[in-house]
Structures are given as C-alpha cells and as structure tokens.
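Below: the structure, in structure tokens.
In what follows, every chain begins at residue 1, and chains take the letters A, B, ... in the order their sequences are listed. All heavy atoms count here, side chains included; hydrogens, waters and symmetry mates do not. Since the structure is predicted, the reported quantities are computational estimates derived from the model, not experimental observations.
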There are 2 protein chains.
Amino acid sequence: MPSLTSVLGVLDPTSDRAVFRQIADALREAIDKGRFREGDKLPSETELVDHFGVSRMTVRNALSLLQQEGLVLSEHGKGVFVRPRPPVRRLASDRFARRHRDQGKAAFTVEAEAAGSRPEVDSLEVKEERPSQDISARLGSPRKVLARRRRYLLDGRPVEFATSYLPLDLARNTPIAQPNPGPGGIYARLEEMGHRLDHFDEEIRARMPSPAEVRTLQLASGVPVIHLVRTAYDAEGRAVEVCDTVMAADAYVLAYQLPAN
Amino acid sequence: MPSLTSVLGVLDPTSDRAVFRQIADALREAIDKGRFREGDKLPSETELVDHFGVSRMTVRNALSLLQQEGLVLSEHGKGVFVRPRPPVRRLASDRFARRHRDQGKAAFTVEAEAAGSRPEVDSLEVKEERPSQDISARLGSPRKVLARRRRYLLDGRPVEFATSYLPLDLARNTPIAQPNPGPGGIYARLEEMGHRLDHFDEEIRARMPSPAEVRTLQLASGVPVIHLVRTAYDAEGRAVEVCDTVMAADAYVLAYQLPAN
DNA sequence: GATGCATACTCGTATAGACGAGTGGGCAAG
DNA sequence: CTTGCCCACTCGTCTATACGAGTATGCATC
C-alpha cells in the first residue's frame, strides 16, 4: 500500500492557509483524484494526527469540513468513509400525464421497480386538519383540509416525505380519504369526480434540512433537501390539491421541459 | 432586557442528549420563537460559556451545528447573527418566452430592477474550448464549443454563476461570440440566424457547494446550491445551446407549470 | 476636527488530555 | 462449534488553555 505521504502530501508551514483547511484540501484532492473511492475508508483520525503532526481536534476540524461538503460520512466505531453516490431518481415533467395513470400500482412503485429498486411507502397518515396560512392561501382559503402524509423509501432508504392537502368539501367521504385511494392515485379519483385536471404549478427550493427532516429522511450531514410545492388546478381554474414534498437532494434530479413559445 | 435563562433555559444534566445539542436546541428554539430575529446578534460565545457553565469548544460545537443548518452566520470580530433571509428571485417557467425577449436589456437586468434591486453582471468570459464529456454529449458531440461565462449579482451580492456552451460551427463569427450579444440575448441571435427555438430541457439538482463555488458565490456555510442544466433545442430537434448554472439556493425559487395532458 | 493608537471585545485556530460509546476480532470457556 | 467476554480500535463528547486576528470604541495626540 502507498505511504500516506504519497497520497496526502505534507503541510506547508509557510502557508497562511489554516492547517485544518490544508488537511481538508489534501483529503479532498485525494478523493477527487480517485485515490480514495466511493465507500473507501479514509485513514483514521489517529493516523492523520500522526501523519500531519497535529492535534486530534485539528484533524476532526478538517474532517468536519469535508462532511459539511457532503464528501464523506463518519460512522461511529468504524471510521470515516467516502460517501457513496446513491442511485438517483429522475422526476420527469410528464410524470403526472394521464397516460401514466392507468396502472393498478402507484407511479412511485412502478417506476422504482423498473429501475431495479425495491420501493416502499410507509407512515401513511390521513386526517382532517386546519390548514397552515400558506396552504390555505394556495387552496383558496378552505376552513379545513384533508391531509395525506406518506414517506417513500427505495431499498430501505427514505428518500421523500410528502403531504397532500385537499379542500375538505371536495375530499370528504370519497376514496381520497381512504389510506389507499385506488389505481391511478388521487388524481385519477379527482378526475372521476368531475375535476378534470388542467395543469400543475410547481415551486422548487433547496435548503438544509431541519432536525426533524434529518430524522425522518435519515439524512447524512452535508445533504440538502429539495422542497417542492405542487398545486393542481382543474379545468375551472380551481386549486384542488397542494402537495408539499421534501426530498433528499442526493437522491433526485428533477427534469422539466419548457416550450419556447 | 430579559435574562439569558428566560430566553435559553438551562441544561438538563439527566438527559442523554449531548450538551452541545441541548445548547443548539435552546438557541434554535429561541430563534424559531422570535426571541432572536433576523440579523439579531446572539449572545457571544463567552456569554454562552458563562450561562451554560460549559467550555468554549462545547459552545462552538453548538453554534457550528446551527451554522450547518443555515440558521446563523458568524462574523469574525463581530459576533454570531441570525441569518437574514435574502430577497428571493423567482424564476418562472415562461422566462424564456419570445415575448420577454424584445427588450434592449438583458432579462436579468429588467427583472431585477422591477423588483427594486440593483443588478450587475460581471466576470464575463467568452472563449472557444473543448467541451467536457457531459456537455459534449448534450450538444451532439461537437469538437469544440463556444463558452460564455458570467456571474450575476443583486445589490452587490453574487447569486448565480452561469456558463453557456454552443457548438462552435454555429456560434463562430457571430454576435454570439461577442461579450455583449445584443438585445434579447443569444436566444434572439440564434433565432435571427434561422434556429427557431422549439423547447428547453432543464435538469435540476441540489447539493452543497464546492470550495470554488463558495468563493465565487460568496456563500455562507449552510447554504446549498441549485445546479441547473438547460438544453435549448431548435425546431429541427438540434441541441443548439447548453447552459450550466449554479445558483445560491437561498436566493432562488424556481417555478414551473406543467400541463396535465 | 481629524488622525492614530490602545484597548477590549468578538470569533478563529490550535494544543493536550480525558473519558464514553460503538464495532469487530480473537480467545477462552462451555 | 458456539457462546460470551475482553480488548483494541474507531469516532463522539467535553474540558482547559493559549494565542491570533478582525472590529469597534474611546481617548490622546496632532
């Protein structure tokens, strides 16, 4: 095995760059150059302390930088590893097209199985509640809404947490209020009930997750979330659903097609 | 002024939650409840040390947690502040519609001024180069491309860094190869040259910035980037441009409209 | 009044040491 | 062979201390 010096180099004591940044730079470069590959274990903190001749806090400082960048993840009792890039789920802009809605299964399940992954949906909760100010405004200020919460997992890993809100007068005592709304999902049910869907508006933000989101999505540090809010409009221009989705950003790429007009 | 104890509470020594997490929780809660507002200065590290009766490293550990979450930002010599939410730029899905293209000014400038901000475009670089594998594949494998790089600023703050790539056979010796391509931008020039634009594909990812991106966008820690890659197609189905854009995620919300088909 | 310095405050960087807790391998006992 | 324990190694948490560097303020000097 190659010596640590040949992989990581040495510190430049004349540099005004902070030592822990130099160490982070050395590790980052080694990872970029493929000297450490996805899933590889980095040298232990003790080894880095010995190699660079610095204190352990300095090494930990460097590693925490890389962790914030999402480059590595540390596992208690095992070591620090180059973070593997998970398979990415691609969301196409036609994913709600009517032609994708006839299957007996949910779109998420069909698509995941086609990609060779094992899909799961859990923590399904369906209840009536008072909408937040934001949701209320988007739905035309209904007094109460039906909220459908669920979490999506791929191969056991949570990747997405979504809540659909529908005006209660529209959803109460319909299949939409059931845990499983049936083939084609709630959009198929809405259309059966005479709300022909016209278009969707989507708003996309990216930010760091809240502690609660870190828990439910089991996010490694250094992984942002994509926050997507979709509003569905029927042919009369009424907002019939708002879907608030938080996705692990390292598991998704969103694709849209725009006309040039 | 209220006592620190009434604002932050005290530690629970019986809890198995790490002390620095308890401190972070206390500060987070105080911020959420509005006891510290945007731009407010948090108690100094020394004050927190005295209040909680812990060592400074523990306090710094707590603050660094909040910083990773994007909640606060620290300024050397001044203090730690609740991070102000910057004004957000909304990118609508019709932003490339032909009707927005007649102005003499660039779309970015018009839009920013309408929003009351002071727009700037800088570090404009136009050069011919060999495309990366990814860009090459998207453009139909041209041998060389014209690359147009620029950075956008709002009120002096960099918010976006973008590079447009065009096949060289299409762009060489045209206004597109000029630093300022003229009114309506390069899309207007492309259409004048007979490449009537048909549609755009956009791919969106979110991730933590690289160190280089932190520098050019002057990003605070805890701020992810949105990485957008747009491909423009003409009426013959040829990819005529790829635009690779990295945006400060706290400055943008992307909006799309999808037909329901 | 303007300039410049001293000072006190802020966070940034670094050292050295200690103990806790999760993991995995080896070894001894059953 | 299996079970269970010990041990070595890993990262996690915390203390105590020191000095450097950026900022703001006030005061003395010009």
inquiry  = Set out, in order, the CA-CA distance, both residues' side-chain angles and the distance that settles side chain to side chain donor-acceptor pair (under 3.5 Å) for B/Q68 and B/S221, then state yes or no.
reply    = CA-CA 6 Å; B/Q68 286 175 51; B/S221 63; over 6 Å; no

task = Take atom CG of A/L73 and atom C1' of D/dG12, then tell me their distance rounded to the nearest Å.
result = 15 Å

key: d(CD, B/E47; P, C/dA8) in whole Å   = 17 Å

request  = Answer yes or no: is there a donor N or O on one side and an acceptor on the other, between the side chain of B/S15 and the main chain of B/R17, under 3.5 Å?
outcome  = yes

key: Atom pair distance, as rounded to whole Å: CZ in B/R17 and C1' in C/dG20   = 18 Å

task = With DNA chain C as reference, determine whether A/G77 or B/S44 sits nearer its 5' end, using the nearest nucleotide of each.
result = B/S44

Side chains of A/P119 and A/E113 in contact at under 4.5 Å (non-hydrogen atoms) = yes

query = How many angstroms lie between atom CD of A/E38 and atom CD1 of A/I31, to the nearest 0.5 angstrom?
reply = 11.0 Å

query = Distance check: side-chain N/O of A/R21 vs OP1/OP2 of C/dT13, anything under 4.0 Å?
reply = yes

query = Whole Å only: how far is the NZ atom of A/K78 from the C1' atom of D/dA8?
reply = 17 Å

For DNA chain C, the residues among residues 51-66 of chain B that have a non-hydrogen atom under 4.0 Å from it = B/R56, B/M57, B/R60

query = Any side-chain donor-acceptor pair under 3.5 Å between A/S132 and A/D134?
reply = no

note = Rounded to whole Å, CD of A/E75 lies from C1' of C/dA21 at a distance of 15 Å

key: B/D50 CG to C/dC9 C1', straight-line distance once rounded to whole Å   = 14 Å

ask   = Between A/R89, A/R149, A/R150, which is the residue that forms a salt bridge (charged side-chain N to carboxylate O under 4.0 Å, His left out) with A/E160?
value = A/R89

key: Residue whose nearest DNA chain C nucleotide is more 5′ - B/E45 or A/V19   = B/E45

remark   = Rounded to whole Å, the CG-C1' distance (A/D16 to C/dA14) equals 16 Å

query = Do you see a donor-acceptor pair shorter than 3.5 Å between the side chains of A/Y256 and A/E202?
reply = yes

message = In this structure, how many angstroms lie between the P atom of D/dG22 and the NE2 atom of B/H76, rounded?
response = 6 Å

